[in-house]
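All figures in this text were calculated on a predicted structure; none of them were measured in a lab.
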Amino acid sequence: MNSRKILLGLITLSTLYSCSTRKISESELLKINGIYEANNIGNTIENAHHYNFISLLHRRLFKDTLVGKPIFNYRFKIIMLDSKHLEISIINEVNKVISKRKYGFRRREDFIILKNKNTHFLLIPYLAGALDLTKLKIKSNKDGNLNIKISEHRSGGAFMIPMGWSDTKSTENYKRVE
């Protein structure tokens, strides 16, 4: 009887502890507001092996929709609308807003996780195709620049037999302009 009470207490305590995650504060959310360069810090046109923020938002698996556009010269503006939504505007090289979109987000620990519909299917996942998932975690660092953690997962198979998967994580920094 005594061991049951201890076990029940431990289960209750672990459940309550797992539900109480630390969330990013409102003041940290407001630090994200600003205009940033879309090109990653240290990334050049000749050496483009880092992610451009525009290509992260407009990701397509079969067809690249950004071919021929000078996205290395673009900037983006983030405005926090409320505690669950933000607006990202894309600004071209002549300071004209070319697209404006509202995104939802979740607050977790020190980051906000952008809900930008980045789950894509290649054919029929696990039957004859793959599942591709990308998560963007956004935070403002001490210098005022934007720090984005990118988590990518791709897995697939054929005829319900798993053929492989890959998980990659990277961190990108974007310079604040204003």
Report summary line: Shortest non-hydrogen pair, Glu37 vs Phe76, comes out as O-CE2, 3.4 Å
Query raised in the report: Stepwise, does the side chain to side chain contact (heavy atoms under 4.5 Å, CB included) test hold for Lys149 with Lys169?
Result: CA-CA 7 Å; Lys149 287 189 177 183; Lys169 294 184 180 187; over 6 Å; no
Query raised in the report: Is there a chain of hydrophobic side chains (I, L, V, M, F, W, Y, each step under 4.5 Å between heavy atoms) that links Leu136 to Met80?
Result: yes
Query - Side chain proximity check, Ile88 to Arg101, heavy atoms < 4.5 angstrom - result: no
Query raised in the report: Do Ser151 and His153 pass the side chain to side chain donor-acceptor pair (under 3.5 Å) test, and can you show the C-alpha distance, the side-chain angles, and the key distance before you say yes or no?
Result: CA-CA 7 Å; Ser151 302; His153 170 80; over 6 Å; no
Requested in this report: Give, for atom CZ of Phe53 and atom CG of Leu146, the distance between the pair rounded to the nearest 0.5 Å.
Outcome: 6.5 Å
Requested in this report: Identify the two heavy atoms, one from Ser155 and one from Trp165, that lie closest to each other, and give their separation to 0.1 Å.
Outcome: CB-CB, 3.5 Å
Report summary line: Here the pair of heavy atoms bringing Leu114 nearest to Phe105 is CA-CB, 4.3 Å
Query - Nearest heavy atoms of Ala130 and Pro125, plus distance in Å - result: O-CG, 3.8 Å
Report task. Over all heavy atoms of both residues, which pair between Arg176 and Tyr36 is shortest? Give the atoms and the distance, please. Result -> NH2-OH, 2.9 Å
Query raised in the report: At what distance, to the nearest 0.5 angstrom, does OG of Ser166 lie from CG of Asp132?
Result: 8.0 Å
Report summary line: The reported gap from CG in Leu86 to CD1 in Ile32 (rounded to nearest 0.5 angstrom) is 7.5 Å
Query raised in the report: Can you get from Ile148 to Ile91 by hopping between Ile, Leu, Val, Met, Phe, Trp and Tyr side chains that sit under 4.5 Å apart?
Result: no
Report task. Rounded to the nearest 0.5 Å, what's the gap from CD1 on Ile138 to CD1 on Ile150? Could you check? Result -> 10.0 Å
Query raised in the report: Does the Asn147 side chain pair with the main chain of Lys139, one donor and one acceptor, at a distance under 3.5 Å?
Result: no
**Report entry** Pairwise distance CD1(Ile79) to CG(Asn33) - rounded to 0.5 angstrom
**Finding:** 7.0 Å
Query raised in the report: At what distance, to the nearest 0.5 angstrom, does CG of Leu133 lie from CZ of Arg154?
Result: 11.0 Å
Report summary line: On a heavy-atom basis, the closest approach of Val97 and Ser89 is CG1-CB, 4.1 Å
Requested in this report: For the pair Asp143 (side chain) and Asn145 (backbone), establish whether a donor and an acceptor sit closer than 3.5 Å, ignoring hydrogens and angles.
Outcome: no
Query - Within-4.5 Å side-chain heavy-atom neighbours: Arg75 and Glu178 - result: yes
